[in-house]
2 protein chains.
Amino acid sequence: MTTGGPRARYREQTRTEIKEIALRQLAEGGISAVALTRIAKELELSGPALYRYFANRDDLLGSLIGDAYQDLAAAIGEAAQASAKYTPRHRLLSLAGAHRAWAVAEPHRYLMIAGTPLPGYSAPPETLAQARAALGPFLPLFASAQPISAVLPVAEQMDTWVHQEPAVAAWVAQYLDTTDGADHALAGAVMAWTRIHGVVSLEVEGLYSGMGHQPQTLLEVEMNTLADTFRLG
Amino acid sequence: MTTGGPRARYREQTRTEIKEIALRQLAEGGISAVALTRIAKELELSGPALYRYFANRDDLLGSLIGDAYQDLAAAIGEAAQASAKYTPRHRLLSLAGAHRAWAVAEPHRYLMIAGTPLPGYSAPPETLAQARAALGPFLPLFASAQPISAVLPVAEQMDTWVHQEPAVAAWVAQYLDTTDGADHALAGAVMAWTRIHGVVSLEVEGLYSGMGHQPQTLLEVEMNTLADTFRLG
DNA sequence: TAACCATAGTTACAGTCTCTAACAGAAGCG
DNA sequence: CGCTTCTGTTAGAGACTGTAACTATGGTTA
């Protein structure tokens, strides 16, 4: 679609080069280490030239955030494919493990999407879709679940949500054959996401340092107890 | 202790004035909005004067982080006192609610301690103690718990931890009369902390926006299921 | 009381960074 | 071939952190 002339091609290539250097800076020094001037220097360009490719620094970071979301969603999607034939409980552990593995491998990118939001940055509408792409593979695991009654308050809120917003219903329909059990599926997905984020963000932020447990083990326990709560097989 | 002459008093007062302005900047624009030059301008001082009071920007932020930890720990401690006579399950909900209430009331301060770590900032040793002060009140709730077997992997890791590090044993002893059940207590506290962080950080970071549930409800469900897992009364 | 000196403040400046303005050259397109 | 658009340049404004060198002041002490 954007395959215009050779000019558009060159433009796209320069954009990716810029992003590659930005990713390296991100990996080395965190988000605040991403500096347009130093990227320009490395490309042997002069500072303002970069503004031909990204409107400003937030635009560049937003692009990185979008890529990161997509990568994470892809990693989870692959795990979902690979584990499709196993039990829901097994698949839940698999998806959670894939989520954590990605985050641990790319801590700064994970923090960019799951950590403190940028000061003035407001996520573009696509972000919502990308977040839902990452969450979607969790839905089928809980579709036919029979959660214990303690979960009902959340399931009820999910029920009204899916009935009020057609976009949500459409999203759920992508991952579920029937819309039956959408409330349980959404409740399970949100709770899984929440617990995974709890374990993984504390690990990646280094707040578990000096504590005597392995995040991997904790994550497995969290997912197993969640599977119990939803009475997964 | 630091009550030296009048000079030390004035110094301390200026430090708190600086921190007050910094807190306002933090509340208004997040951590990146805390700027020494603008603090100086507001105090009608010239920029470099502030370096008499804080070695550098990280030093100032570190001081704010320490205060925030202490405030959060105090809020949780108060909730523990106020709910001391109730059931462990009720107390767990109470402590979690206090944690969340503090975070929602002071989102930027919460993100400062629980969010993306500062680039070059490495927490001073006191931070560990402060984190443990916030976690301590959770310990007694789980001291005599009989968790389901799924939790055992974590409890075992906690057991070796408390046996290997005397500092941890001492910390646990502050909140538990007996060191019996320290493994369950630590496992429960860490899991509670993890789940609370999961819910609250997603809420504060705005990642729940556009989702059809109330964080408060979700937090209660998370704590109730945790209480189930530990078979709390 | 007078001298002293640590402290709190100053200006000047170096260096980094974002981003705008004005302009120059070159590649593509009709 | 000429026009236009895109890509790049230099110059510079403005915000920020942090250092260096210097000055004034007020508490402490002989």
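We name chains A, B, ... by the order of the sequence lines, and we start the count at 1 in each one.
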S.K.: At less than 4.0 Å, is any side-chain N or O atom of B:T37 found next to OP1 or OP2 of D:dT17? Yes or no.
M.R.: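 B:T37 to D:dT17 OP1/OP2: side-chain N or O found under 4.0 Å.
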
S.K.: Give me the distances for all protein-to-nucleotides 26-30 of chain C N/O pairs that come in under 3.5 Å?
M.R.:
from	atom 1	to	atom 2	distance (Å)
C:dA27	N3	A:R7	NH1	3.4
C:dA27	N3	A:R7	NH2	3.3

S.K.: Where do N or O atoms of nucleotides 20-24 of chain D meet protein N or O atoms at under 3.5 Å, pair by pair?
M.R.:
none

S.K.: Taking A:T116 for its side chain and B:T116 for its backbone only, find out whether a donor-acceptor pair lies under 3.5 Å.
M.R.: yes

S.K.: Do any pairs count as a salt bridge (charged side-chain N to carboxylate O under 4.0 Å, His left out) and have a residue in residues 130-141 of chain B, sequence neighbours left out, and if so which ones?
M.R.: none

S.K.: Find the distance A:L60:CG to C:dC19:C1' and express it as a whole number of Å.
M.R.: 14 Å

S.K.: Can you list the residues that meet the side chain to side chain contact (heavy atoms under 4.5 Å, CB included) rule with A:E17, with sequence neighbours excluded?
M.R.: A:Q13, A:L43

S.K.: Answer yes or no: is there a donor N or O on one side and an acceptor on the other, between the side chain of A:Q130 and the main chain of A:A73, under 3.5 Å?
M.R.: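 No, A:Q130 side chain to A:A73 backbone: no donor-acceptor pair under 3.5 Å.
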
S.K.: Please give, in whole Å, the distance from C:dA8 C1' to B:I18 CD1?
M.R.: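 My rounded result for the distance is 11 Å.
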
S.K.: Using atom types as modelled, flag every donor-acceptor pair under 3.5 Å from a side chain in residues 94-106 of chain B to any protein atom, sequence neighbours excluded.
M.R.:
from	atom 1	to	atom 2	distance (Å)
B:R100	NE	B:E203	OE1	2.8
B:R100	NH1	B:Q216	OE1	2.7
B:R100	NH2	B:E203	OE2	3.0
B:E106	OE2	B:R109	NH1	3.3

S.K.: Using atom OH of A:Y51 as one end and atom P of C:dC17 as the other, report the distance to the nearest whole Å.
M.R.: 11 Å

S.K.: Just to confirm, is there a sub-4.0 Å distance from OP1 or OP2 of C:dA8 to any side-chain nitrogen or oxygen of B:R11?
M.R.: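 For B:R11, the contact criterion (side-chain N or O under 4.0 Å from OP1 or OP2 of C:dA8) is met.
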
S.K.: Would you say a side-chain N or O of B:R57 is under 4.0 Å from OP1 or OP2 of D:dC16?
M.R.: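 Checking D:dC16 against B:R57, no side-chain N or O comes under 4.0 Å of OP1 or OP2.
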
S.K.: Separation of B:L50 atom CG from D:dT17 atom P, in whole Å?
M.R.: 9 Å

S.K.: Base, sugar-phosphate, or nothing: which does A:A35 touch, judged by heavy atoms less than 4.0 Å apart?
M.R.: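 Sugar-phosphate, no base atom in range.
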
S.K.: Hey, does the side chain of A:S46 come within less than 4.0 Å of D:dT10's phosphate (OP1/OP2), counting only N and O?
M.R.: yes

S.K.: Starting at atom CG of A:L61, determine the distance to atom P of C:dC17, rounded to an integer number of angstrom.
M.R.: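 So the two atoms are 14 Å apart, to the nearest Å.
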
S.K.: Applying ring pair (Phe, Tyr, Trp, His ring centres under 6.0 Å), can you list everything that pairs with B:H213, at least two apart in sequence or on another chain?
M.R.: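 For B:H213 the ring pair (Phe, Tyr, Trp, His ring centres under 6.0 Å) partners, ignoring immediate neighbours, are B:Y208.
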
S.K.: Check the distance between C:dC17's P and A:N56's CG and give it to me in whole angstrom.
M.R.: 17 Å

S.K.: Among all residues two or more places apart in sequence or in another chain, which pass the side chain to side chain contact (heavy atoms under 4.5 Å, CB included) test with A:P107?
M.R.: A:V204

S.K.: Without placing hydrogens or testing angles, list every side-chain donor-acceptor pair under 3.5 Å for residues 60-67 of chain B, not counting sequence neighbours.
M.R.:
from	atom 1	to	atom 2	distance (Å)
B:S63	OG	B:K19	NZ	2.9
B:D67	OD2	B:K19	NZ	3.0

S.K.: B:K41 has an atom NZ; how far is it from atom P of D:dA15, in whole Å?
M.R.: 7 Å

S.K.: When the distance from CD of A:E44 to C1' of D:dT7 is rounded to whole Å, what number comes out?
M.R.: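 Computing the A:E44:CD to D:dT7:C1' distance gives 17 Å.
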
S.K.: Could I get the full list of side chain to side chain contact (heavy atoms under 4.5 Å, CB included) partners for B:R38, not counting sequence neighbours?
M.R.: B:Q25, B:A33, B:A35

